[in-house]
Student: 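Just passing along the structure, written as structure tokens.
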Amino acid sequence: MLDIKRIREDREVVQKGLESRGADTAVIERVCALDGKRRAMLAEVETLKSERNRASKEIGQLKKDGKDIEKARSAMRELGDRIAESDKQIRVVDEELRAVMLTIPNVPHVGIPIGADSKANRFVRAYGEPKKFNFKAKTHVELGETLGILDLTRAARMSGAGFPLFVREGARLERALINFMLDLHVKEHGYTEIAPPVLCNAAAMTGTGQLPKMAEDMYYLKEDNLYMIPTAEVPVTNYYMDEIITEALPLRMTAYTPCFRREAGAAGKETRGIIRVHQFDKVEMVKFVEPETSYNELELLLGDAEDVLRRLGLPYRIMELCTGDISFAAAKCYDIELWAPGQNDWLEVSSCSNFEDFQARRIGIRYRDGKGRIRFVHTLNGSGVALARLLVAILENGQQEDGSIVLPENIIPYMDGMKEIRKPGS
RNA sequence: GGAGAGGUGGCUGAGUGGUUGAAAGCAGCGGUUUGCUAAACCGCGGUACUGGUUAAGGCCGGUACCGGGGGUUCGAAUCCCCCCCUCUCCGCCA
């Protein structure tokens, strides 16, 4: 959520920022009108309340002195009704204002590329060379099904299209990668590991920005009024909901969770294999930092995500998303894309964003600065990294002509020394 | 799921329908004392919204806030209703 005071005082800048990301700016007009109305009403009712408080105190005194209070009481009764009526009207305006505020996306950071869609994203840097084979590269589906470590047929039978089912070394590799990434972030990058709930309520979903706009994309359990998380960003960021953080900043947290996405409207797009699925595992990183440091922390966060891929020897590139491509809550965002030879394309496996105080304002996460002032923290998050697609890249990059997979060196210890995945008996 | 007990400031914990924004203690901040630290003593406090004022830090007001939401009342932390959460016991259960 944007700061209403910022909209009031810096309307031009906010409006320009929102325009640059293609957002509707007419809402700003509406917000300002509602805000003005609200403040006028507040001034009025607060004067009445002030009078009521004064009179009530007086009545208390009269009663104490044993004097007649009936006259004063009946006079006050009418005032009470007027106050109740005004309060009711203000509540309506308040709710309307809040509802509108929740639909306004974050203002993009000034330095990021301006553009309507991903074509305007800026190449930042690359690591490694896209792999070339002297045979035709197979897709992860061909490789995985032939090796018997990926079984989409059985998955579809029990759950439908878009659910992964890993078998034997496939399942083992999934687990190994989770452990590898968590160990890296905890032991070397200084993150605190948590294992959070994967069902969250509407308040949490609104806090990180999934609601109200992404409701269609989430699985919702009506009986319990809970949503299945589309990313661990939700429970990890909401860890400090409505708190004033007393620990020293920056705070770094990491969590492995499954993630659930309905992918409504994505039918037919990247549906082959496990690139876009309804359920996938992910290791997520979240940071709570002081405002002054958040852009530096974003670079460090990106570095932590990159480190995962470097250690796995996978070629990747980093793109800085343009104004039209960043997510609702983000002010700045980098994507990391892995090269997948079987797809002959780049796969997004990580997204590292700075939300500034946008989420903190919605969730109520604050801290005390050096002067003892209470301020909103800045929140950041980054995938570290998404698993189904990482697995795709490992299979497709590690493939040999006979369909076997050479595993990245750093994952071998997590596989009990297994260096390759081969078909049983070959 | 059933029964009971609770939810008060950063924390612990008092609280009679009427100067209670809220005792007390701890922590915190400021000060005095002091080679330094510690201790002792004195003093100060919250948050949000909002108005005025200031170049600004700030200063001076108003309103609201004692789990959340309704209600009674001139007036509610205090009384009533609904909901949520925590704890104890019972039941069920990986």
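Chain letters run A, B, ... following the sequence lines, proteins first, then strands; residues in each count from 1.
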Student: Please classify the glycosidic conformation of B:rG45 as syn (within 90° of 0) or anti (everything else).
Tutor: syn
Student: Pairing check on B:rU53: which nucleotide meets the Watson-Crick or G-U wobble criteria with it, both distances under 3.5 Å?
Tutor: B:rG58
Student: Could you pull out all donor-acceptor pairs under 3.5 Å where a side-chain atom in residues 241-251 of chain A meets a protein atom, sequence neighbours excluded?
Tutor:
residue: A:Glu247; atom: OE2; partner: A:Tyr240; partner atom: OH; Å: 3.2

Student: Report the base-pairing partner of B:rA3 (Watson-Crick or G-U wobble, both distances below 3.5 angstrom), or none.
Tutor: B:rU88
Student: Determine the interatomic distance between P on B:rU16 and the same-named atom on B:rA77; round to the nearest Å.
Tutor: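 It works out to 13 Å between them.
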Student: How would you summarise protein contacts on nucleotides 68-87 of chain B per nucleotide, using B for base, S for sugar-phosphate only and - for none, with heavy-atom distances below 4.0 Å?
Tutor: --S---BS------------
Student: Provide, to the nearest angstrom, the distance between the CD1 atom belonging to A:Ile90 and the P atom belonging to B:rU63.
Tutor: 14 Å
Student: Which pairs, with at least one residue in residues 95-105 of chain A and sequence neighbours excluded, count as a side-chain hydrogen bond (donor to acceptor under 3.5 Å, both in side chains)?
Tutor: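 Pairs touching residues 95-105 of chain A that pass the test: A:Arg30-A:Glu96.
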Student: Please collect all salt bridge (charged side-chain N to carboxylate O under 4.0 Å, His left out) contacts where either partner lies in residues 412-426 of chain A, sequence neighbours excluded, each pair once.
Tutor: A:Arg172-A:Asp416, A:Asp402-A:Arg422, A:Glu420-A:Arg422
Student: Please give the nucleotide sitting opposite B:rA77 as a Watson-Crick or G-U wobble pair, both distances under 3.5 Å, or none.
Tutor: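 Partner of B:rA77: none found under 3.5 Å.
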Student: Side chains of A:Ile275 and A:Arg389: closer than 4.5 Å at any heavy-atom pair?
Tutor: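 A:Ile275 vs A:Arg389: side chains touch.
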Student: If I pick the P atom on B:rC11 and the same atom on B:rG18, what distance separates them, to the nearest angstrom?
Tutor: 27 Å
Student: How is A:Ser50 classified with respect to the nucleic acid when contacts are heavy atoms under 4.0 Å: base, sugar-phosphate, or nothing?
Tutor: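 Sugar-phosphate, no base atom in range.
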Student: Are the side chain of A:Gln399 and the backbone N or O of A:Glu396 linked by a donor-acceptor pair below 3.5 Å?
Tutor: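 Yes; judged by distance alone, with no hydrogens or angles, the pair exists.
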Student: Please list every donor-acceptor pair under 3.5 Å in which a side-chain atom of residues 39-46 of chain A meets a protein atom from a residue at least two apart or in another chain.
Tutor:
none

Student: Only pairs with both distances under 3.5 Å count, Watson-Crick or wobble alike; so what is the partner of B:rG43 in this structure?
Tutor: B:rC29
Student: Taking the C1' atom in each of B:rC60 and B:rU54, what is the distance between them to the nearest angstrom?
Tutor: 11 Å
Student: Round to the nearest Å and state the distance from A:Glu243 atom CD to B:rG46 atom C1'.
Tutor: 17 Å
Student: Would you measure the distance from the C1' atom in B:rC29 across to the matching atom in B:rG46 and give it in whole Å?
Tutor: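 13 Å, rounded to whole Å.
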Student: Give a yes-or-no answer on whether the side chains of A:Tyr219 and A:Arg262 include a donor-acceptor pair shorter than 3.5 Å.
Tutor: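 The criterion, which ignores hydrogens and geometry beyond distance, is not satisfied for A:Arg262 and A:Tyr219.
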Student: Scan every strand shown for a Watson-Crick or G-U wobble partner of B:rA23, both distances under 3.5 Å, and answer none if you come up empty.
Tutor: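 Its partner: none found.
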Student: Between the protein and nucleotides 47-52 of chain B, are there any N/O to N/O pairs under 3.5 Å, and if so, what are the atom names and distances?
Tutor:
residue: B:rU47; atom: O3'; partner: A:Arg366; partner atom: NH1; Å: 3.2
residue: B:rA48; atom: OP1; partner: A:Arg366; partner atom: NH1; Å: 3.3
residue: B:rC49; atom: O2'; partner: A:Arg38; partner atom: NH2; Å: 2.9
residue: B:rU50; atom: OP1; partner: A:Arg8; partner atom: NH2; Å: 2.7
residue: B:rG51; atom: OP1; partner: A:Arg39; partner atom: NH1; Å: 2.9

Student: For nucleotides B:rG21 and B:rA76, find the distance between their C1' atoms and express it as a whole number of Å.
Tutor: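 That atom pair is separated by 15 Å.
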Student: With rounding to whole Å, what would you report as the distance between B:rG75 and B:rC87 at their C1' atoms?
Tutor: 35 Å
Student: Using purine N1 to pyrimidine N3 plus N6-O4 or O6-N4 for Watson-Crick, or N1-O2 and O6-N3 for G-U wobble, each under 3.5 Å, what pairs with B:rA48?
Tutor: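 Across all strands, the one nucleotide that pairs with B:rA48 is B:rU63.
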Student: When you compare B:rC83 with B:rG2, how far apart are their P atoms, in angstrom units rounded to a whole number?
Tutor: 11 Å
Student: Residues in side chain to side chain contact (heavy atoms under 4.5 Å, CB included) with A:Asp183, at least two apart?
Tutor: A:Lys187, A:Tyr414
Student: Taking the P atom of each, how far is B:rC44 from B:rG70, in whole Å?
Tutor: 37 Å
Student: Just grab all the ring-ring contact (aromatic ring centres under 6.0 Å, His included) pairs involving residues 18-47 of chain A, residues at least two apart or on different chains.
Tutor: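 ring-ring contact (aromatic ring centres under 6.0 Å, His included) check on residues 18-47 of chain A returns no pairs.
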Student: Show the atom names and distances, to 0.1 Å, of all donor-acceptor pairs under 3.5 Å that link a side chain in residues 10-20 of chain A to residues at least two apart or in another chain.
Tutor:
residue: A:Arg11; atom: NH2; partner: A:Glu29; partner atom: OE1; Å: 3.4
residue: A:Ser20; atom: OG; partner: A:Gly17; partner atom: O; Å: 2.7

